[in-house]
Student: 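First, the structure itself, so that you have it in front of you.
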Amino acid sequence: MSTPDHTMPSYPNAHVPKGMKRSHIIAIVIIAVAIGALVGSLYDSSTYADLEQAMEHPGKEYHVVGTLDRSAEIVYEPSLNASLTTFTMRDLNGKTCKVHLAKAKPQDFERSERLVLIGEANANGEFEARDMLMKCPSKYNEENKVNG
Amino acid sequence: MTEYIGEHLWAGQLGHALTVISLVGALLATSGYFQGTRTGQIEWTRLGRIGFRMHSLAVLGIVVTLFVMLFNHWFEYDYVWKHSNLAMPMKYIASCFWEGQEGSFLLWTFWHVVLGNVLIWRAKAWEGPVMTVFATVQVFLAIMILGVYVGDVRVGSSPFLLIRELPENIGLPWTAMANYLSAIPQFADGRGLNPLLQNYWMVIHPPTLFLGFASTLVPFAFAIAGLWRKDRTGWITPALPWTFFGIMVLGTGILMGGAWAYEALSFGGFWAWDPVENASLVPWITLVAAGHLMLVNKRKPTALFSLFLLTLITFILVLYSTFLTRSGVLGDTSVHSFTGDGMLPGLLLFLLFYISLSVVMLLTDKGQRQFYAGISVVMLAIGVGLEVQVPAILLFGAISIGMLVSAYRQGFISKEPEESLWSREFWLFIGSLVLLLSAMQITFSTSVPVFNLLLEPFDKVFGWIGDKTGSEFFQGLADAKLAPPGEAIAHYNKWQIPFAFIVTFLIAFGQYLRWKDTDVKKFRKQLAASFIASVLLTALGVYLLKYELAELNLIALFFATVFAILANAWYIPSVLKGSLKSAGASVAHVGFGLVLLGALISTSRQDEVSRNTRNMDLRFLNEGFSNSEDILLYRGDTVLMGEHYVRYNAKRQEGVNLYYAMDYFAAVPRNYTAGDTVRVGDMLFAAKDAHTAGKFFLEDQPAHWLPLDVFTRRELWHAQEWSSSKPGEQVFSLDPFVQLNPRFGNVAEPSTKHWAHRDLYTHVRYADMAIASDTADDAWMPDRLYDKHVGDSIITPTAMAIIDSVYMVKDSVTKKMLGAQYTVYAAHLRVRDLYQPDRWFEARPLVIYAGGEPVMGKAAELGPLRIRYSLATVKFEDGPVMGHGGPIPGTDKPRIAVGLNVAESEFLVMQAIVFPGINILWIGCVLLFVGTFMAVWQRVKR
């Protein structure tokens with residue numbers, strides 16, 4: 001937009017610089033940005049980990065998959081903090097850990113069959129979850145419970 | 001064979017038969033149209049037509065059969081049982097139809113049938129090759145709902161399966177019972193539709209979205225047809241209106257999804273970059289790019305390869321999206337993807353076939369074509385046969401990319417001189433490439449779970465690099481367990497805001513450029529007014545919305561969208577001279593600019609007004625308690641939230657919905673008169689004069705308030721806290737609700753107050769679901785029982801109660817009223833307010849015993865602490881000293897055990913967000929739809 005004078009010869013006898021064509025420059029830029037986006041998506045991606053790995057690297061963000069330990073207490077005291085739920089999670093290896101989730105206790109939390117916690121371990125060996133994905137048995141995949 | 005009672009077998013048999021007929025019809029159409037195109041013999045084309053008609057009728061039959069089954073609640077069928085129930089309103093039958101995997105495939109197939117028949121009617125000379133492509137797709141889709149086993153691998157999944165025919169049920173004892181339908185209670189009613197999906201959005205959103213997906217096949221088929229017939233430009237004109245039709249419908253479908261999320265789901269916004277949302281957005285972006293390149297190449301083929309690439313890739317991306325969301329590879333990364341159910345191999349084959357077909361068709365050299373086609377088949381055989389799918393796919397991908405480059409070099413290098421920098425076609429080309437990049441970035445980030453699989457063969461390589469360099473990045477890639485970006489929204493915004501900026505900026509001036517070359521003086525003159533106005537409006541926006549320099553990307557996008565809106569609006573009177581005939585593009589561009597502007601303002605300046613509303617400082621309790629994004633509302637309390645006072649009044653049940661009635665009051669300035677005392681922290685102040693409170697006490701204090709030197713504790717407790725405003729008249733009310741569903745879990749649904757310039761969006765995060773018949777009891781949360789002894793204390797969130805003593809009430813009035821057989825006990829509690837630790841209360845709950853059993857009681861409520869104590873049991877433990885039992889050590893007084901119920905005032909936890917300017921987005925949606933419709937209409941008419 002800022003090109004002040006219009007000296008470019010008009011189509012179809014457009015000026016083509018020797019050596020490198022404009023289309024080549026465009027192609028290089030496109031490929032560079034595409035590779036950048038690919039690396040960027042890999043670079044920004046978080047990592048699935050088990051609790052042990054998360055504990056080894058406190059402060060590093062992980063996705064931890066597991067289940068709710070129903071035998072342990074779920075503490076949610078909204079009158080103290082409406083956005084703090086504390087519970088115990090069991091990861092896929094069976095290791096358990098106390099979790100502080102910075103969210104209100106989700107609807108039907110007790111019924112959840114699978115949790116994905118997004119957060120990091122703290123220095124006390126507890127997991128501080130920023131967010132949580134929860135799959136309930138209801139969604140699309142409830143086992144057909146008809147068995148006479 | 002058992003003769004089963006009560007089954008409607010004919011429906012399933014009809015369904016299966018029709019599925020087979022639809023497959024046969026599609027195969028017939030494929031071969032007929034293929035031969036017809038190859039040989040040019042009209043008989044073959046006629047056969048193709050017959051095949052497609054047969055297929056169409058069969059698909060219609062399948063749809064009707066499935067509807068009949070759902071309508072009649074034949075729960076012996078798995079699909080009916082899983083997706084419907086008796087209690088569900090009939091209007092949601094359609095939602096049941098496409099809730100499941102099979103039904104949504106059927107919906108997709110159905111739209112292809114509709115579009116295919118329109119093409120048979122309208123495509124004229126292009127019918128043969130275009131319909132060949134259509135028919136092959138229909139073959140794949142028919143197989144997807146066929147549900148047959150090839151060896152151990154199930155191919156597709158049929159909606160006509162009886163529950164007793166499911167693989168997991170075969171051989172179970174009950175399947176041998178002839179009367180199983182009436183004998184087993186589970187068969188009396190289905191599981192029903194997920195409550196999330198029981199709204200009108202679910203009725204209109206999926207059909208629109210799938211029509212959008214289906215319409216991407218039309219330009220794809222035309223592009224393949226063009227390559228096949230070596231007519232590389234002739235296909236563009238007939239494909240163009242279809243492409244913009246697809247842009248319109250798919251765009252509408254996506255935005256409906258956003259509107260649904262915003263209006264009826266509690267995600268807290270209209271777009272969350274969820275994989276399933278991305279999967280529908282990406283093909284739309286490439287379709288838009290393809291459509292615009294068609295405009296370029298229709299005039300003069302200057303970017304033909306890019307056009308083919310984008311047109312072909314759009315449909316491939318639809319297939320890829322289908323693969324991502326339905327094969328189960330996304331796994332834990334999406335909240336609403338389907339689970340696999342063994343669909344992966346079929347979907348993968350579906351996808352790879354069309355990638356392979358596209359590359360084959362792009363190759364111009366016959367030898368190369370055959371080589372590549374051969375390689376594709378070999379790769380497939382190796383991958384399946386040797387179970388090395390991942391390396392085979394990677395190799396296939398690498399060869400395909402190599403072949404694409406070769407195809408470009410051989411057949412598409414333009415001998416024409418390059419376009420002028422001041423030509424419309426050049427910038428349309430650049431814009432399309434930026435759109436492609438944007439689509440690629442979203443695809444990459446959505447595909448992170450796929451990378452985990454694809455990177456597997458390179459574990460050692462990355463591990464080696466990681467060890468050598470010590471780079472965590474490479475160590476992470478080895479044995480990759482990549483998860484989606486933790487901060488998904490920030491990640492996508494980082495990449496997409498620059499892309500959006502370039503695209504909207506191009507949109508702003510694109511139409512002012514002429515084809516071939518532009519008179520720059522005129523161009524600048526035409527754009528000057530819009531440009532200056534946009535700069536001024538951006539400055540105003542930055543001032544009003546308080547954008548900072550660190551948000552330069554947002555400011556830039558703000559400017560570009562405003563510029564795009566003004567320039568395109570100005571185009572209609574200035575260049576088109578007010579003629580609306582060809583104004584479709586301008587209207588659509590204005591709409592697009594508005595959508596982005598609305599999204600930008602509402603998301604960047606969304607205000608979680610429910611955050612940190614409690615004025616009490618909770619940090620002294622625990623450091624983790626400082627940051628609460630939700631508001632806690634005790635019933636009946638009126639609390640300042642954002643610019644309004646909110647009061648939670650009552651809850652009521654209507655059907656399956658539990659409504660929480662919230663009233664909102666205007667915040668009006670508080671007036672104080674001379675002599676009023678207020679409390680600020682631990683101090684009391686007296687008003688010097690009558691005045692209206694300002695925003696902050698510290699500003700008011702020197703002029704209007706005198707600190708009191710002497711006051712009692714009691715005075716301090718009873719004094720009102722200073723506040724700048726007070727609730728005025730009620731301005732509106734909102735009823736967010738929770739849909740109760742014991743089978744699927746309760747679902748919170750938002751309630752939103754709409755103004756012209758902003759929305760207040762609220763939903764319940766946590767609440768007591770119990771509806772008590774007695775409204776008095778309703779006002780309290782469920783009791784929590786504490787077993788304690790006299791002298792113990794009970795700590796609850798707001799209060800600490802010390803059980804001072806328990807005594808028998810012996811006054812004559814009580815005795816006389818109750819009679820001699822009753823004994824009354826009272827507990828004396830001293831209760832400390834944990835928020836103001838020097839503030840003490842007393843409570844004396846009573847319990848009445850008769851014959852050694854508690855019969856009734858009288859609770860003690862402490863209003864200011866919002867707590868209620870009720871005495872459940874009193875027990876004198878005068879047995880031997882064991883544990884807690886027995887007399888108090890060192891005395892002969894019996895230890896007294898008390899059961900004390902503690903309840904908090906009923907409350908709920910709510911999230912409230914103000915979205916400013918969201919109506920700009922919705923207006924933009926409408927204009928985008930209208931503009932695209934105008935453009936399509938003009939092209940169809942021509």
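Note on naming: letters A, B, ... go to the chains in the order of the sequence lines (proteins, then strands), and numbering restarts at 1 for each one.
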Student: Which region of Glu904(B), side chain (C-beta onward) or backbone (N, CA, C, O), has a non-hydrogen atom less than 4.5 Å from a non-hydrogen atom of chain A, or is it both or neither?
Tutor: side chain
Student: Measure the spacing between OG of Ser83(A) and CG of Leu632(B) and express it to the nearest 0.5 Å.
Tutor: 10.0 Å
Student: Below 4.5 Å from any heavy atom of chain B, which atoms of Ile26(A) appear? Answer side chain, backbone, both or neither.
Tutor: side chain
Student: Using 4.0 Å as the upper bound for N to carboxylate O, is an ion pair formed by Lys103(A) and Asp630(B)?
Tutor: no
Student: Is it the case that the side chain of Arg22(A) and the backbone of Glu419(B) share a donor-acceptor pair, with hydrogens and angles ignored and the cut-off at 3.5 Å?
Tutor: yes
Student: In terms of heavy-atom proximity below 4.5 Å to chain A, should Leu436(B) be classed as side chain, backbone, both, or neither?
Tutor: neither
Student: Test side chain to side chain contact (heavy atoms under 4.5 Å, CB included) on Phe451(B) and Ser45(A) and set out the steps.
Tutor: CA-CA 11 Å; Phe451(B) 292 154; Ser45(A) 59; over 6 Å; no
Student: Return the minimal non-hydrogen interatomic distance between Val909(B) and Pro78(A), and the atom names on each side.
Tutor: CG2-CB, 3.6 Å
Student: For Tyr76(A), is it the side chain, the backbone, both or neither that has a heavy atom under 4.5 Å from a heavy atom of chain B?
Tutor: side chain
Student: Would you mind telling me which of Gly36(A), Ala102(A), Pro106(A), Ala49(A) has the largest number of heavy-atom pairs within less than 4.5 Å of chain B?
Tutor: Gly36(A)
Student: Kindly determine whether Ser46(A) and Glu487(B) satisfy side chain to side chain contact (heavy atoms under 4.5 Å, CB included), including the steps that lead there.
Tutor: CA-CA 9 Å; Ser46(A) 178; Glu487(B) 298 274 2; over 6 Å; no
Student: Sort Lys494(B) into side chain, backbone, both or neither according to what part of it lies under 4.5 angstrom from a heavy atom of chain A.
Tutor: side chain
Student: Nearest 0.5 angstrom please: Ile35(A) CD1 to Met440(B) CE, how far?
Tutor: 9.0 Å
Student: With a 4.5 angstrom heavy-atom cut-off, which part of Val738(B) approaches chain A: side chain, backbone, both or neither?
Tutor: side chain
Student: Quick one: CG on Asn452(B) to OG1 on Thr47(A), what's the gap to the nearest 0.5 Å?
Tutor: 9.0 Å
Student: Tell me which of these, Phe429(B), Tyr492(B), Phe426(B), has more heavy-atom pairs under 4.5 Å with chain A than the rest.
Tutor: Phe426(B)
Student: Would you name the heavy atoms of Ala34(A) and Phe444(B) that are closest together and state the gap between them?
Tutor: O-CE1, 3.5 Å
Student: CG/Asp44(A) to NE2/His491(B) distance, rounded to the nearest 0.5 angstrom?
Tutor: 5.0 Å
Student: Are side-chain heavy atoms of Tyr43(A) and Pro485(B) found at a separation under 4.5 Å?
Tutor: no
Student: What do you reckon, is CD of Glu110(A) surrounded by more than 12 foreign heavy atoms closer than 6.0 Å?
Tutor: yes
Student: Determine the minimum heavy-atom distance between Gln441(B) and Ala37(A), stating which atoms define it.
Tutor: CG-CB, 3.7 Å
Student: Closest heavy-atom contact between Tyr48(A) and Pro484(B)?
Tutor: OH-CD, 3.8 Å
Student: Specify the closest pair of heavy atoms between Leu482(B) and Leu42(A), including all atoms of both residues, with the distance to one decimal.
Tutor: CD1-CD2, 3.5 Å
Student: So how far is it from Ile442(B) CD1 to Ser41(A) OG, rounded to the nearest 0.5 Å?
Tutor: 12.0 Å
